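These numbers come from a predicted model, not from an experiment. Letters A, B, ... mirror the listed sequences (proteins, then strands); counts begin at 1.
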2 protein chains.
Amino acid sequence: MSSTPTFKRLPRAVREQQMLDAAVRVFSRRGFHAASMDEIAEDAGISKPMVYAYLGSKEELFVACLHREGTRMMEAIAGAAAPDLDADERLWRGLRAFFGFVGAHRDGWAVLYRQARGSQPFAGELAAMRARLVEVVAGMLDHALRARGREVGATDLEVVAYALVGASESLGDWLADHPEADPEKTATRMMNVAWLGADQLLRGVTWHPEG
Amino acid sequence: MSSTPTFKRLPRAVREQQMLDAAVRVFSRRGFHAASMDEIAEDAGISKPMVYAYLGSKEELFVACLHREGTRMMEAIAGAAAPDLDADERLWRGLRAFFGFVGAHRDGWAVLYRQARGSQPFAGELAAMRARLVEVVAGMLDHALRARGREVGATDLEVVAYALVGASESLGDWLADHPEADPEKTATRMMNVAWLGADQLLRGVTWHPEG
DNA sequence: GAGCATACCTACTCGTGCGTAAGGTTACGC
DNA sequence: GCGTAACCTTACGCACGAGTAGGTATGCTC
């Protein structure tokens, strides 16, 4: 017979990627808990036990998604924002890379940003990634400040960086929901908010209550 | 007998509030799916069918939490930022109210912000709330701009407002994870990022690529 | 073309937790 | 003091989905 071997046998590495692709799609569509392993398997064009054989439990599968998408994103950003540029140029390239990534991997972003926040086991994983980003941004600010002979407390720096990262994430979210929007333009808008504020801070301008 | 009527019978309105209190606690501790109706009922000092009788299904219960906490927050903010003040003063008071609320209702905030993002049914509810906030902020910016004889596209305005709201949410999240942090000080920090950037925009200063 | 490893499947078990049926008890009106 | 309505309980049905047992096919090596 061998009538319709409709789907060919494939080596492990390939199938794993297909499964991860499917998992990202389904997780982003349904959320972690509402996603069923059956649906993921079906979407990947494979049967459920294969998923367990290759990627382990549902949690492990989700963490694998998180890792792959997170690594891709960090690499995209790190590759764009070379450390020997001026602060504004680094920020600009980093933002452009970030929004480019979100625009190109909307569901990957949705998994990362929306799903992983709530449930305990993944929040830590995600927080670690965010922390790296925050550290990079804070480092940029600190570097730029020192170059101007200024100094700011570590907490202040961290919090400002946190706010900038949060604003970017939020705009990333907005972008994911507006398929017609242009990532490049979104990056420019973010830059307008972030850099103009940061630039003022770098100049030593600050705001305080009752003034 | 009537030995130990340990817990008294209470009118519906009171029990409903107790249930909502418990639900917020449990949802924030466990997340939506991991939270069980049994645990919520136990935490409220009542049995499960009562929860169903009063608040309906698990989803409806969660939405009820969302509504109550969201309304409280919006009222806190709206009450603080009177519309006849200057833009910076309004922003400042709004931020102070916001971070004050987060500091005082850490678990309520966690429910609102972290759990509701992922799963479909609630994302809309939350998005609607955020949209109201964004609209308020955008309105503030627009008002301030017109007062200076300037005009900006509606989308630009919305996106900037979105970024500011996102940054605030993100710092709110940071605050919820840092019990030792002072809400007032956090608000000041946020103001430094937001207002200095916004102020520049209001003056007509903009940033654009390759400059 | 025998042997073996690896890809792959169908068809199940079993825990968990939402939602409910059916009945007990307390307060309050009359 | 007695009905009745609201409050509250225990104890269950039932669906859904994670994870697995055990078996089949395919290709690769010698």
Provide a list of protein-nucleic acid N or O atom pairs under 3.5 angstrom, restricted to nucleotides 17-20 of chain C.
unit_1 : atom_1 : unit_2 : atom_2 : d
C/dC18 : OP1    : B/A35  : O      : 3.3
C/dC18 : OP1    : B/K58  : NZ     : 3.1
C/dC18 : OP2    : B/M37  : N      : 2.9
C/dG19 : OP2    : B/Y52  : OH     : 3.2
C/dG19 : OP2    : B/K58  : N      : 3.0
C/dG19 : N7     : B/K48  : NZ     : 3.0
C/dG19 : O6     : B/K48  : NZ     : 2.7

Item checked: Under 3.5 Å donor-acceptor, B/E60 side chain and B/S57 backbone ->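 Yes; judged by distance alone, with no hydrogens or angles, the pair exists.
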Next item on the list: May I ask you to decide if B/F32's main-chain N or O and B/K58's side chain share a donor-acceptor pair within less than 3.5 Å?
Entry: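 Such a contact is found between B/K58 side chain and B/F32 backbone.
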[N] [atom2] sits how many Å from [X] [atom1], rounded?
X: B/L10; N: C/dA27; atom1: CG; atom2: P; result: 10 Å
X: A/R30; N: D/dC16; atom1: CZ; atom2: C1'; result: 14 Å
X: B/E42; N: D/dT10; atom1: CD; atom2: P; result: 11 Å
X: B/I46; N: D/dT10; atom1: CD1; atom2: P; result: 11 Å
X: B/M50; N: C/dG24; atom1: CE; atom2: P; result: 18 Å

Check: Mind checking whether A/W109 and A/F98 have ring centres under 6.0 Å apart?
Finding: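 Between A/F98 and A/W109, which both carry aromatic rings, the centre distance is below 6.0 Å.
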Check: With a 6.0 Å cut-off on ring centres, are B/W92 and A/W207 close enough?
Finding: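 B/W92 vs A/W207: aromatic centres under 6.0 Å.
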Next item on the list: Please state whether the phosphate of C/dT6, meaning OP1 or OP2, lies under 4.0 angstrom from any side-chain nitrogen or oxygen of A/R15.
Entry: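 False: A/R15 side-chain N/O out of range (4.0 Å or more) of C/dT6 OP1/OP2.
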Has [X] got more than 12 heavy atoms of other residues, nucleotides or ligands less than 6.0 Å from its [atom1]?
X: B/R132; atom1: CZ; value: no
X: A/E89; atom1: CD; value: yes
X: A/H178; atom1: NE2; value: yes

Shorter than 3.5 Å, N or O on both sides, protein versus nucleotides 28-30 of chain C: list them out with atom names.
none

Notebook entry, point to check: Going by atom types alone, do A/Q115 and B/R117 pair a side-chain donor with an acceptor below 3.5 Å?
Noted result: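 Checked: A/Q115/B/R117 side chains show no N/O donor-acceptor pair below 3.5 Å.
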Item checked: Base of D/dA25 paired with side chain of A/R9 (donor-acceptor, under 3.5 Å) ->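 Such a pair is found, so the answer is yes.
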